[in-house]
Structures are given as C-alpha cells and as structure tokens.
2 protein chains.
Amino acid sequence: MKALFKTAGQAYKAHHALPPDAGTIADVNHDNVVKTISPDWVDGETKVMESPADHGQDLRLWLRLLTCSTLIEGEIRRRLREQFDCTLPRFDLMAQLERAKAGMVLGELSKRMMVSPGNITALVERLVESGHVTRTVSAADRRVQIIALTSFGRAEFEKMATAHADWIAELFDVITAREGQILFDRLGKLKRSVVTALARD
Amino acid sequence: MKALFKTAGQAYKAHHALPPDAGTIADVNHDNVVKTISPDWVDGETKVMESPADHGQDLRLWLRLLTCSTLIEGEIRRRLREQFDCTLPRFDLMAQLERAKAGMVLGELSKRMMVSPGNITALVERLVESGHVTRTVSAADRRVQIIALTSFGRAEFEKMATAHADWIAELFDVITAREGQILFDRLGKLKRSVVTALARD
DNA sequence: CAAAAAAACTTTAGGCTTGAAATAGTTTTC
DNA sequence: GAAAACTATTTCAAGCCTAAAGTTTTTTTG
C-alpha cells in the first residue's frame, strides 16, 4: 500500500460553466475579458461540456464532492482561527491525542492524520512550545517520541470540540437523519471504490 | 457574503475509533502507548463515541465526506506530479483558463478557484515563467491583469485533462450511474445547506 | 556478532495558502 | 476637480505540506 500524501490546494473545475445558483453574472467588458459581478466566491462546479465515455457524471460528482468539503473545511478553519486562534492541523492533532490517554507515537499520528511524518515534527514542535502537548523519548526504544496532551491542551481542546460539533450541526442544518444516512452509506461505497482502486496500484 | 479562504490541512477526526475496514490492529506496547501494525495510512473516521445532542451523525457524515475527498484529491495530486510533473493548483488554474478564450482577470481566477488573490499572484508568476500562461495589463483599466493560456499551456493542459478524467472514472469505478445521481443530488442539498448557513453569517 | 536492512524521526528545498497591510489606479462625492 | 471611497493586485510573515535525503537506533541475517 502506498503512502497518500497531500499538499495544499484546490481541484479540477474546468470544462464547466457557472452554476446558475451561484448568482454570478458573466459578461464581456471592453477588453473582451470575462468579468463577474457580485459574490465573493464562485465555484466552477457545473455541467461538463463534453463527455468522452460518459466520464462526465463522475467528474461532475467529484467536483460537487470537492466543493462541499472545501466549503465546510474553509468555514471550520475560519471559525477555529477567529474564535480560538487555532489552525485545523493543530485541532486535528489534539483530536487524535484526546483519546490516547497514554500518548501516541509520532508515526502513528502521521498515519492517522494522513500527512507526512516530516510535517508532524514541526506541528508538534509548535504545540509543545504553546504548552498544549508534551514530547517524550520512549525508554524502550530511543528512536520513538511519545506525544501527549497536557491538561491545558486537553481543556483547550474540549472547548473547541464542543463548538466544532455545533458548527457541523449548523452547516448540515437541512439534512435530515434519513438523508444523512443515505449520504453516509453511498459515500461509504465510494470510499471503498477509491480504496480498492488505490490498492490496485 | 464573506470570503472563504483555506490554508492547507486535515480535519477533525477525534471521538472516533479505528474503522474495522482499515485493517489496523491497535494494541499497547511496553510504553503503554498505542501502536499500530500494518497499513500506510489509517483514517480516523468512524463511530462517534458520545453524541451530545445527536450531533454524532452529522460529525460522522462530515468525517466520511472529508475522508473521501482527501483520498481522491491526494491521489490526483500524486499522479499529476508523477506523470506530468504538475501540481494541482497549476492544473486548476489552467483548467479555469481553458474555457476563457480571451483570458481571465486575476481577481476572477481567485474567485473561481476560491483562493486568496495573493495566492494567485505567485502561482501565475510560476506559470508565466514555465511558459504556460501570459499576463497582460489591461489597456482599459491599468489595475487589471489579464491572464491567458499560451498554446503550449493549452496543449499541456489537454493532455492532463484527458488523463484526469480517466483517473476519476477509475476511482469511481464501482459507483453506478444511478448511485452517482443520488449522491450528486444529496450533495447538492448539502451544498445548499452549507451555503445558506454561511450566508446567515 | 558484525554487517545489512529496517524503522522512527528530522532536515531541507520548494510550493501552496492565508490574513493583513501596502500600493496603485479608478470612481464617487461634495 | 480634489478628497474620499473603492477596487485590483502585490507584498509579507507565518504556517502547512510534500518528497527526498540524512540521522540515529533497533532488528534481522549471514
């Protein structure tokens, strides 16, 4: 099984016209350049113009999936920063640690967070500095670092976790339990499809 | 409407046990630290342990949604890099430009890609340097930069777009047209839910 | 047991991303 | 028509992220 690293970024949104629900009015100005009036953002997600072997539907679905998670993730990030002066990676790392009472090895954090080990090094360093976590060399294996939440870190995390759950509930407002279940199940199948494809190399 | 910026990162995966399908065996070693054996990555997505006011389902759904898009995005990124020595943001930007024959204003690119304007500046700079796009000051409004694909950039993009569509089709392999449609529709409702919540400020 | 392989991290170079502050050009207002 | 407000973009500091190469320590193997 190969490693799955990610950088930052966005995704493929070409071959698509503007969505009618985005409220954007596209027209041509003096320079013959596309310009829009009004909202702060516009997602490129919409109808695929050509569909080679009906890859179009998959592409459309992928774009919508990506738009949803980008939108939600961005908002969570923003609120975390504004209300708790915290970043998502920091929150995430503490979340992983929260259930590991005895602490967690750095490599395990890396796997669970699906980010590269080198990344965790610096992230942990900053969290140690701000007093949220501790880092201890294992007595049994001196290569190993054990990371654990401090009581301060735990208290801070608790506050954020509560707010976070509320935010998600707010954003998912109009989704009923039944719809949520359908989405959950279908996404489960998609996840398996992706994992299978990835395992095929 | 507020701006929606994002940094890089992952998301909240706490309050969750390991998924049985991840193939991970968690146990406690000499240090009393959680260690796992086996795969390269483990997603933290799974059953929410406590559910305050049944925020649990939303949280679960969000986590699964995020896992799906992280997995897919990571793989697309990896292939783009390996097979075309290109990053996702570069590909994305070219994708936006591809349909704007006359070019696009920098600010419009920023909106469509849902990233901050300052980001586009550097991205465009690198694409100009590698000969994929051109940057021209508008004659009508000297504040404005018009960005357009070069024919080289267009040719390169075409190759990548074809491969990209195939990759998505491959990853979405087992999803049927009908299931895809259901997912698409439900995600559409979710998107509206999020956009509405965001518009409420 | 010594050499080789493996494992857990860290370091490095380079790209992406943001929010905030600065710059420059355009439009509005009085 | 000058001052004020607005708009498009750039610059900056800081953080996140990766792949690849390097370090130290442990395990495996001949």
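Throughout, a chain's letter reflects where its sequence line sits, starting with A, and its residues are numbered from 1.
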Could you check which of C:dT10, D:dT9, D:dC16 has an atom nearest any side-chain atom of B:Val105?
D:dT9
On DNA chain C, does the nearest nucleotide to A:Leu106 precede the nearest nucleotide to B:Arg126 from the 5' side, or the other way round? Give the residue.
A:Leu106
Across all chains, not counting sequence neighbours, the side chain to side chain donor-acceptor pair (under 3.5 Å) partners of B:Glu129 are none
With sequence neighbours excluded, tell me which residues meet side chain to side chain donor-acceptor pair (under 3.5 Å) with B:Ser151.
none
Would you kindly give the CE-to-P distance between A:Met114 and D:dT18, to the nearest whole Å?
11 Å
Can you tell me which nucleotide in C:dC16, C:dA20, D:dT18 comes closest to the side chain of A:Arg81?
C:dA20
Write out all pairs satisfying ring-ring contact (aromatic ring centres under 6.0 Å, His included) with one or both partners inside residues 94-118 of chain B, taking only residues at least two apart or from two chains.
none
Which residues satisfy the side chain to side chain donor-acceptor pair (under 3.5 Å) test with A:Thr136, sequence neighbours excluded?
none
Identify all pairs in which a protein N or O lies below 3.5 Å from an N or O of nucleotides 21-27 of chain C, and state each distance.
from	atom 1	to	atom 2	distance (Å)
C:dG25	N2	B:Arg143	NH1	2.8
C:dT26	OP1	B:Arg142	N	3.1

Atom-pair distance (CG on B:Leu88; P on C:dG14), nearest Å
21 Å
Output all residues satisfying side chain to side chain donor-acceptor pair (under 3.5 Å) with B:Asp185, sequence neighbours left out; order by chain, then residue number.
B:Gln181
More 5' along DNA chain D: B:Ala122 or A:Gly118, using each one's nearest nucleotide?
B:Ala122
